[in-house]
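Single-structure report; data block below.
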Amino acid sequence: MILYVIKNYIKLMCRSSMNVILIVVTPIILIAVLSSAFSSLMASYEDAETFSAGYMISGENMMTPYIDSLTEVAEENDINLIEFTDGKAEDIMRLNDLAGFVEFTEDSYVIYKSSDHETEGQILEYMMSSFERNIETGIIAGMTGQQIPEFELNITDHDFMPAIDSTDYYGIIEIVYFLWCGIVCIASIVNNEKKFKIIQKLRVAGLSEAKIYLSKFIPTVAVVSIGILIAAITSSLLFGIHWGNIPLSVLIVFLAVNAAISMGLMFYTIFDNIVATIMVTFAIVWIAGFYGGSFETYLFSSHPENLKELSPIYYINRSLVELSVAGRSDYVVKAIAVTVVMTLVTSAAAITAGNIRKRGNAC
């Protein structure tokens with residue numbers, strides 16, 4: 001009997017044009033609007049390429065014998081290091097459009113960084129600091145009779161700043177946001193179900209609360225998953241969105257649908273009112289999306305990390321975005337764990353609430 005109920009739910013949900021608009025059409029429209037609106041902002045987050053910096057030596061300096069090595073290391077790390085013999089550092093940088101400048105004096109050096117090339121200035125500063133440490137290590141080793149270590153500089157790219165454009169970011173994020181509103185797909189059905197006392201009839205027919213719950217959960221997850229899949233494929237074809245590791249991304253999105261629907265059904269079982277359910281669900285999803293990067297990207301947001309990690313949407317967003325830009329993410333396991341635990345806990349709560357309500361009605 002449960003299969004018959006599931007089939008009917010699916011047929012009724014698929015006939016609703018409102019469901020198609022919410023799950024398929026609306027995400028595509030928002031992706032187009034937001035990706036265009038934030039394109040310039042996201043573009044500023046692209047990785048720095050080869051850049052030019054200058055240097056000038058005034059008198060003898062401990063670094064003077066190593067200048068040739070320094071320029072070679074700079075070249076290997078995509079820095080074009082140019083020598084100047086006179087002038088003020090600020091003027092030289094402005095006239096030659098340099099990202100940075102190193103001025104060697106008798107017993108020290110000064111690094112100048114351009115405010116227009118902040119990332120490049122930090123790379124130059126890191127390179128000089130590493131170079132100086134290697135030289136000092138070599139000098140100390142030479143004084144103690146040890147073998148002078150060969151110089152090697154490694155500049156690592158930190159993964160806290162994934163390079164992603166606005167189209168890919170919002171093309172992924174808005175799909176996630178709207179799947180969390182999926183409980184709306186079954187709203188009109190459960191409203192009529194309550195009006196005609198269908199649940200009571202199912203209980204009389206011998207269906208347990210677990211089966212009654214699954215008869216709603218399974219078809220809603222199926223319909224929302226199909227709708228979200230259509231939206232994701234359509235937006236990817238229209239806007240060229242890159243999903244990265246597709247099998248993992250599909251798994252995370254599917255588990256997120258399960259968590260979203262189980263949460264919505266839990267609220268419906270508790271409140272026994274679809275309007276209250278939608279209001280509470282949307283409020284929670286909006287707050288979770290606010291801290292999870294659905295509106296302001298989590299890359300730029302100033303929210304404390306501990307607040308972000310209270311949002312299940314944050315784990316899903318971050319894992320999918322990092323899979324898109326890097327093909328891997330440390331947040332994949334966290335996203336899977338959060339959605340699975342959330343599904344199990346809210347499903348158990350919904351079934352328990354159904355049993356309590358059943359006993360209350362019997363009295």
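Both backbone and side-chain heavy atoms feed into the values below; hydrogens, waters and symmetry mates do not.
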Original post:
So, the side chain of Ser36 versus the backbone of Ala32: is there a donor-acceptor pair under 3.5 Å, distance only?
Top reply: no
Subject >> Qualifying residue for side-chain contact (heavy atoms from CB on, under 4.5 Å) with Met13, from Ile23, Asn8, Ile189, Val20 >> reply: Ile189
**OP:** Using atom types as modelled and distance alone, determine if a side-chain donor or acceptor of Asp97 lies under 3.5 Å from a backbone N or O of Met93.
**Re:** no
Subject >> Residue Phe254 excluded, over 12 heavy atoms near CZ under 6.0 Å >> reply: no
**OP:** Could you tell me if the ring centre of Phe290 sits under 6.0 Å from that of Trp286?
**Re:** yes
Original post:
Hey, are Glu305 and Tyr298 close enough side-chain-wise for a donor-acceptor pair under 3.5 Å?
Top reply: no
Original post:
Aromatic rings Tyr291 and His303: how do their planes relate, parallel, tilted or perpendicular, breaks at 30° and 60°?
Top reply: perpendicular
Original post:
Taking atom types as modelled and ignoring hydrogens, do the side chains of Tyr213 and Ser347 form a donor-acceptor contact shorter than 3.5 angstrom?
Top reply: yes
Subject >> Same apolar cluster (I L V M F W Y, side chains within < 4.5 Å links), Leu70/Leu98 >> reply: no
Original post:
Any link between Val338 and Val333 through a network of hydrophobic side chains (Ile, Leu, Val, Met, Phe, Trp, Tyr) touching at under 4.5 Å?
Top reply: no
Original post:
Among Ile270, Thr277, Val275, whose side-chain contact (heavy atoms from CB on, under 4.5 Å) with Asn273 holds?
Top reply: Val275
**OP:** Flag the pair Tyr55 / Tyr109 as yes when their ring centroid distance falls below 6.0 Å, and as no otherwise.
**Re:** no
**OP:** Return the set of residues passing side chain to side chain donor-acceptor pair (under 3.5 Å) with Ser225 (not counting sequence neighbours), or none when no residue passes.
**Re:** none
**OP:** Could you go through the side chain to side chain donor-acceptor pair (under 3.5 Å) check for Tyr112 and Glu103 one step at a time?
**Re:** CA-CA 8 Å; Tyr112 298 84; Glu103 186 175 15; 3.0 Å; yes
Original post:
Is there a donor-acceptor pair under 3.5 Å between the side chain of Asn80 and the backbone N or O of Phe51?
Top reply: no
Original post:
What are the two closest heavy atoms between Val223 and Cys14, and how far apart are they?
Top reply: CG2-SG, 4.2 Å
**OP:** Assess whether salt bridge (charged side-chain N to carboxylate O under 4.0 Å, His left out) is satisfied between Asp86 and Lys88, documenting all intermediate values.
**Re:** CA-CA 7 Å; Asp86 56 25; Lys88 291 185 178 181; over 6 Å; no
Original post:
Mind checking what makes side-chain contact (heavy atoms from CB on, under 4.5 Å) contact with Ala349, not counting sequence neighbours?
Top reply: Met266
**OP:** May I ask whether Tyr177 and Leu307 are part of the same hydrophobic cluster, defined by side-chain heavy atoms of I, L, V, M, F, W, Y residues being less than 4.5 angstrom apart, directly or through others?
**Re:** yes
Original post:
Do you know which two heavy atoms are closest between Ile183 and Gly264, and how far apart they sit?
Top reply: CD1-C, 3.8 Å
Subject >> Any side-chain donor near an acceptor of the partner, Tyr331 and Glu322, under 3.5 Å >> reply: no
**OP:** Tell me, please, whether Tyr4 has Lys7 positioned over its six-membered ring: NZ or CZ under 6.0 Å from the ring centre and within 45 degrees of its axis?
**Re:** no
